[in-house]
Amino acid sequence: MRLSKAFQPTLKEVPAEAQIASHRLMLRAGLIRQTASGIYAWLPAGLRVLRRIEDIVREEQDAIGAQELLMPTLQSAELWKRSGRYDAYGPEMLRIQDRQGRDLLYGPTNEEMVTDIFGAAIKSYKDLPKALYHIQWKFRDEVRPRFGVMRGREFLMKDAYSFDVSYEDAVASYRRMMLSYLRIFQRLGVRAVPMVADTGPIGGDLSHEFLVLAPTGESGVFFDAALEEQDWLSRPVDCDDHASLGEFFQTVTGHYAATDEKHDETAWSEVPEARRREGRGIEVGHIFYFGTKYTASMGVEVVGPDGAKLAPHMGSYGVGVSRLMGAIIEASHDEGGIIWPDSVAPYRAAILNLRPGDEACDRLCAAIYDREPNNLMYDDRDERAGVKFNDADLMGHPWQVVVGPRGAKNGLVELKRRATGERVEVTVEEALERIGIV
RNA sequence: CGGGGCGUGGCGCAGCCUGGUAGCGCGCUUGUUUUGGGUACAAGAGGCCCCCGGUUCGAGUCCGGGCGCCCCGACCA
């Protein structure tokens with residue numbers, strides 16, 4: 001993309017309404033604009049990041065056998081009356097009526113709908129297990145939206161639902177999902193630590209929330225350093241083998257981790273002092289096992305091996321996709337702006353032409369840009385060098401290729417790594433190679 | 001939902017107390033200048049001062065009502 005043609009409105013001054021770094025930077029870098037309290041429009045660069053996060057989530061969900069579908073944002077109230085949640089959900093649910101006076105709601109989550117869809121199609125234990133997920137906009141009429149996309153009223157969530165014949169199988173599904181989540185967050189370039197969470201009225205001990213470590217997090221967190229040292233991407237786990245999943249689960253739950261709400265001083269004191277980590281975290285994922293709560297209440301059954309009907313055991317698993325963008329920025333920025341991890345950056349690199357019109361500069365820039373125009377942001381604007389440096393830092397491209405007349409006449413460009421500030425003078429070919437364009 | 005605050009060119013703000021021609025910085029346009037970290041000068045464009053009503057000769061300013069937004073707390077991907 002040529003910046004001179006892009007819709008990338010950056011702000012020099014800090015918008016008054018934004019309090020935390022990620023919100024300020026998302027507005028300043030031209031990723032989002034607010035349209036109403038807690039509701040945001042995603043501008044082109046912001047949308048690109050959203051898509052990249054989604055892609056990683058998809059790959060990792062598909063990898064454990066979950067299948068993507070897409071359920072609507074509007075749901076019939078009838079569905080929720082069947083589970084009993086229509087009355088229970090409260091004022092956070094946005095309720096509307098259509099022209100016939102039928103009650104509808106703008107979905108805050110999809111347990112009822114997915115259970116209904118599942119139940120209408122699956123009738124035998126032989127078809128289990130199944131895991132379905134979708135990435136869809138959710139609406140919750142929050143009492144107090146704040147911090148930009150971190151607590152919006154409309155937000156993008158990946159929600160998955162698992163169906164199993166037995167408790168044991170459901171536990172295996174839960175563990176697969178936990179592994180998938182740990183891999184997702186690691187690939188997104190953030191440290192997310194799983195912590196035991198309240199299961200609410202459902203009971204049981206199978207609920208974990210995943211918190212990204214960031215100083216502006218809403219919850220205090222305490223955990224064993226062993227949890228952030230794990231490399232989940234290289235850890236071999238056989239997702240079809242209950243024993244392998246159990247072993248994996250043991251390494252997660254065998255280490256202390258809790259939010260301030262669940263913090264236990266006694267257990268904490270048993271963690272070796274050198275491994276104790278305290279900080280703040282942003283909740284970006286939450287997984288639950290809740291048994292037959294919805295299948296039973298909604299009358300969804302399959303025929304078991306003995307011919308008797310049984311209600312499948314379910315779990316639900318959420319990732320806050322739009323919130324993650326805020327969380328990633330909270331965890332990765334500096335005075336100058338955003339520092340995108342390579343995996344989610346809207347563009348792989350920015351090319352800064354310090355002297356558009358200079359033959360050598362234009363030629364070298366084109367030599368790079370033409371290789372992958374869709375994934376590079378070419379700053380060809382007629383602006384001062386300082387403006388381009390500042391905007392590139394603000395937008396957080398992982399690499400900056402600085403092309404100025406000084407080096408260009410010798411065929412050299414300057415490659416800057418945003419995260420470290422490290423700069424090296426290299427040839428075009430070398431720059432391409434380092435950026436990862438072959 | 002309780003408490004606090006704000007609404008004035010695109011953005012950040014002053015003006016309101018004490019009513020009398022709507023201002024500043026940034027941004028934008030044109031020209032000159034500068035050319036490796038938000039250059040400088042000049043000339044311009046751009047405003048139902050959130051909305052409705054009231055008081056007044058006269059309201060951005062005072063009064064009443066509404067709407068919107070932000071912050072702090074109790075709740076949540």
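All values below were derived from every heavy atom in this structure, side-chain atoms included, with hydrogens, water molecules and symmetry-related copies excluded. Quick caveat: nothing in here was measured; it's all calculated off a predicted structure. Residue numbers begin at 1 in each chain, while the letters A, B, ... track the order of the sequences.
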Is the distance between the ring centroids of Trp137(A) and Phe155(A) under 6.0 Å? no

Indicate, with a heavy-atom threshold strictly under 4.0 Å, whether Arg153(A) touches base, sugar-phosphate, or nothing. nothing

Using the C1' atom as the reference point in each nucleotide, state the distance between G47(B) and C11(B) in Å, no decimals. 15 Å

Any base atoms under 4.0 Å from Asp159(A), or only sugar-phosphate, or nothing? Heavy atoms, all strands. nothing

Rounded to whole angstroms, how far apart are CE on Met195(A) and P on A77(B)? 15 Å

Check: Phe222(A) ring centroid to His263(A) ring centroid under 6.0 Å: yes

Base, sugar-phosphate or nothing for Gly336(A)? Non-hydrogen atoms, less than 4.0 Å. nothing

Looking at every strand, decide which applies to Val284(A) at a 4.0 Å heavy-atom threshold: base, sugar-phosphate, or nothing. sugar-phosphate

Backbone N or O of Pro145(A) within a donor-acceptor pair of the Arg153(A) side chain at under 3.5 Å? no

Just to be sure I understand the rule, does Arg355(A) reach a base, reach only the sugar-phosphate, or reach nothing, if contact means heavy atoms closer than 4.0 Å? sugar-phosphate

Please list residues of residues 28-51 of chain A whose heavy atoms come under 4.0 Å from any atom in RNA chain B, ordered by number; otherwise none. Gln34(A), Ala36(A), Ser37(A)

For Tyr86(A), does the six-membered ring have the charged nitrogen or CZ of Arg95(A) within the cation-pi criterion, i.e. under 6.0 angstrom from the centroid and within 45° of the normal? yes

Per the ring pair (Phe, Tyr, Trp, His ring centres under 6.0 Å) rule, which among Phe185(A), Trp232(A), Tyr317(A) passes with Phe210(A)? Phe185(A)

Checking the side chain of Ser22(A) only, and the main-chain atoms of Ile329(A) only, is there a donor and an acceptor separated by less than 3.5 Å? no

For nucleotides 28-34 of chain B, print each protein N/O atom paired with a nucleotide N/O atom at under 3.5 Å, atom names and distance only.
unit_1 : atom_1 : unit_2    : atom_2 : d
U34(B) : O2     : Arg384(A) : NH1    : 2.4

Under 4.0 Å between any heavy atoms, over every strand shown, what does Glu283(A) touch: base, sugar-phosphate, or nothing? Just pick one. sugar-phosphate

Gly404(A) near the nucleic acid: base, sugar-phosphate alone, or nothing, with a heavy-atom cut-off under 4.0 Å? base

So if I take residues 215-224 of chain A and measure heavy-atom distances to RNA chain B, which residues fall below 4.0 Å? none

Give a yes/no verdict on a cation-pi contact between Arg434(A) and Trp399(A), requiring under 6.0 Å between NZ or CZ and the six-membered ring centre and an angle within 45° of the axis. no

So what does Leu354(A) hit on the nucleic acid, given a heavy-atom distance under 4.0 Å: a base, only sugar-phosphate, or nothing? base

For Pro15(A), answer base if it contacts any base atom (sugar-phosphate contacts may also be present), sugar-phosphate if it contacts only those atoms, and nothing otherwise; contact means non-hydrogen atoms under 4.0 Å. sugar-phosphate

Assert: residue with more 5' nearest nucleotide on RNA chain B, out of Met157(A) and His23(A), is His23(A)

